[in-house]
Amino acid sequence: MDFTSRYVALGDSFTEGVGDDDPTRPNGVRGWADRVAEQLGAADPGFGYANLAIRGRKIRQILAEQVDAAVALKPTVVSIYAGANDILRPKVDIDDLLVDYDAGIRKLKATGATIVMFTGFDSRGSKIFGTTRGRTAIYNELVRGIAGDHGALLVDYWRFSEYYDWGMWATDRMHMSPAGHANMAKRVLTVLEHDHSIDVPPMTPVPELGRAEALRANARWVREFAGPWVVRRVTGKSSGDGLTPRYPRLTHL
C-alpha cells in the first residue's frame, strides 16, 4: 500500500509502550504512540505508522539502529525520545551524547518530516530517581536548543505536573501506566495541533501506607523491579534483548 502520510516513532520503552499492557499487540503493549497513530489515521486511509522503539535502548543505540531505518520509510512525522537510559547511569557525558543526538535530529529533519522531541520528566517526587534530576535538567536544556535549531516541535514532559500523581505510573515506578500513556498521547496531539477523542482511563488509586506497609511495599519493589534492573546493568544485559520493533514496517492501525 502507498501511504500518503507516514508517522514513525523512535526511542526506548517510553515510546515502545511499556507499562500499558495489551497482549493482543506486538511485544504485549500499546502505549501513547499507538494512540497517537490511531487518532492521526482515524480519518486518513492513506496514513501509515511504524514504531521502531525498543525498551532499554540508549541514545547511541537508538541513533544507530533506528534513524536510518526511519529515513528509509520516508516519514512525514517523526517522534523521538532518547536519553532516559543514559541519564540513569551514574557517570554519563550528556554534552557529548547530545552532540550525536543533534546529528541524528539533523538527519531526520533532512527528510522534510515534522520532528517531535521530548524533554525528560522531573523526578523530584522520587527518592531514588530524584537523584538524576540535575542530569535531566542539563539534558533538557540541550534538547531545547537542538529542537530550536532544527525547528522541531517540543513536548515538554518536564513541566507536566499531572505526572506527580503516582496513578500515572505503572507498578514498576519506572514506566507510565495506561492512564499515563493516554495522557501523553493527548499531550503529543496537542503539540501537533491535531483534534482527538482520547479519554484518559481511570487511574488505579494509590493508597496511603503506614510506615511498616511502606517498608514492605518498597522491599517488594526492590525485589521485583529495582533488583533485576541493577543485575541487568551489572551484567551488560538489557530488557530489550531479543525483542524486535513492534511495527518495523508501515501499517494502518
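The residues of the chain are indexed from 1 along the displayed sequence.
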### Query
Regarding R6 and the six-membered ring of F47, is the cationic atom NZ or CZ under 6.0 Å from the ring centre and inside 45° of its axis?
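Checked: cation-pi criterion not met.
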#### Entry: Step-by-step side-chain hydrogen bond (donor to acceptor under 3.5 Å, both in side chains) determination, H150 to D102
CA-CA 9 Å; H150 297 290; D102 177 79; 2.9 Å; yes
Is there a side-chain contact between [X] and [Y], using heavy atoms and a 4.5 Å cut-off?
X	Y	result
I115	L153	no
Y139	T119	no
V116	L154	no
E16	L243	yes
D86	I94	no
V29	R246	yes
V8	V71	no

### Task
Using the test ring-ring contact (aromatic ring centres under 6.0 Å, His included), find all partners of Y7 that sit at least two apart in sequence or belong to another chain.
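Applying ring-ring contact (aromatic ring centres under 6.0 Å, His included) to Y7 gives Y49.
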### Task
Taking side-chain hydrogen bond (donor to acceptor under 3.5 Å, both in side chains) as the test, write out the residues that go with D149, two or more places apart.
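Expected list: none.
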### Task
With rounding to the nearest 0.5 Å, note down the distance linking CG in L192 to CG in L40.
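Here the interatomic distance stands at 6.5 Å.
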### Query
Can you say whether the rings of W169 and F121 are parallel (under 30°), tilted (30 to 60°) or perpendicular (over 60°)?
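Aromatic pair W169/F121 classed tilted.
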### Query
Aromatic rings Y81 and F14: how do their planes relate, parallel, tilted or perpendicular, breaks at 30° and 60°?
perpendicular
For residues 18-26, dump all side-chain donor-acceptor pairs below 3.5 Å to protein atoms at least two apart in sequence or in another chain.
| from | atom 1 | to | atom 2 | distance (Å) |
| --- | --- | --- | --- | --- |
| D20 | OD2 | G31 | N | 2.9 |
| D20 | OD2 | R35 | NH1 | 2.3 |
| D22 | OD1 | T24 | N | 3.0 |
| D22 | OD1 | T24 | OG1 | 2.6 |
| D22 | OD2 | R25 | NE | 3.2 |
| R25 | NH1 | D34 | OD2 | 3.0 |
| R25 | NH1 | E38 | OE2 | 2.9 |
| R25 | NH2 | E38 | OE2 | 2.9 |

### Message
Check this for me: R159, atom CZ, are more than 12 non-hydrogen atoms of other residues, nucleotides or ligands nearer than 6.0 Å?
### Response
no
### Message
Can you confirm whether D195 is buried at CG, in the sense that more than 12 heavy atoms of other residues, nucleotides or ligands lie under 6.0 Å from that atom?
### Response
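At most 12 heavy atoms, drawn from other residues, nucleotides or ligands, come within 6.0 Å of this atom.
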### Query
Is it true that W32 and F118 have ring centroids separated by less than 6.0 Å?
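Ring centres of F118 and W32 closer than 6.0 Å.
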### Query
Is a side-chain donor-acceptor pair under 3.5 Å present for Y163 with N183?
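Yes.
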## Note on the structure
For I198 and A185, the nearest pair of non-hydrogen atoms, with its separation, is CD1-CB, 3.6 Å
#### Entry: Single hit among H175, R57, R55 for side-chain hydrogen bond (donor to acceptor under 3.5 Å, both in side chains) with S13
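Among H175, R57, R55, the one that satisfies the side-chain hydrogen bond (donor to acceptor under 3.5 Å, both in side chains) with S13 is H175.
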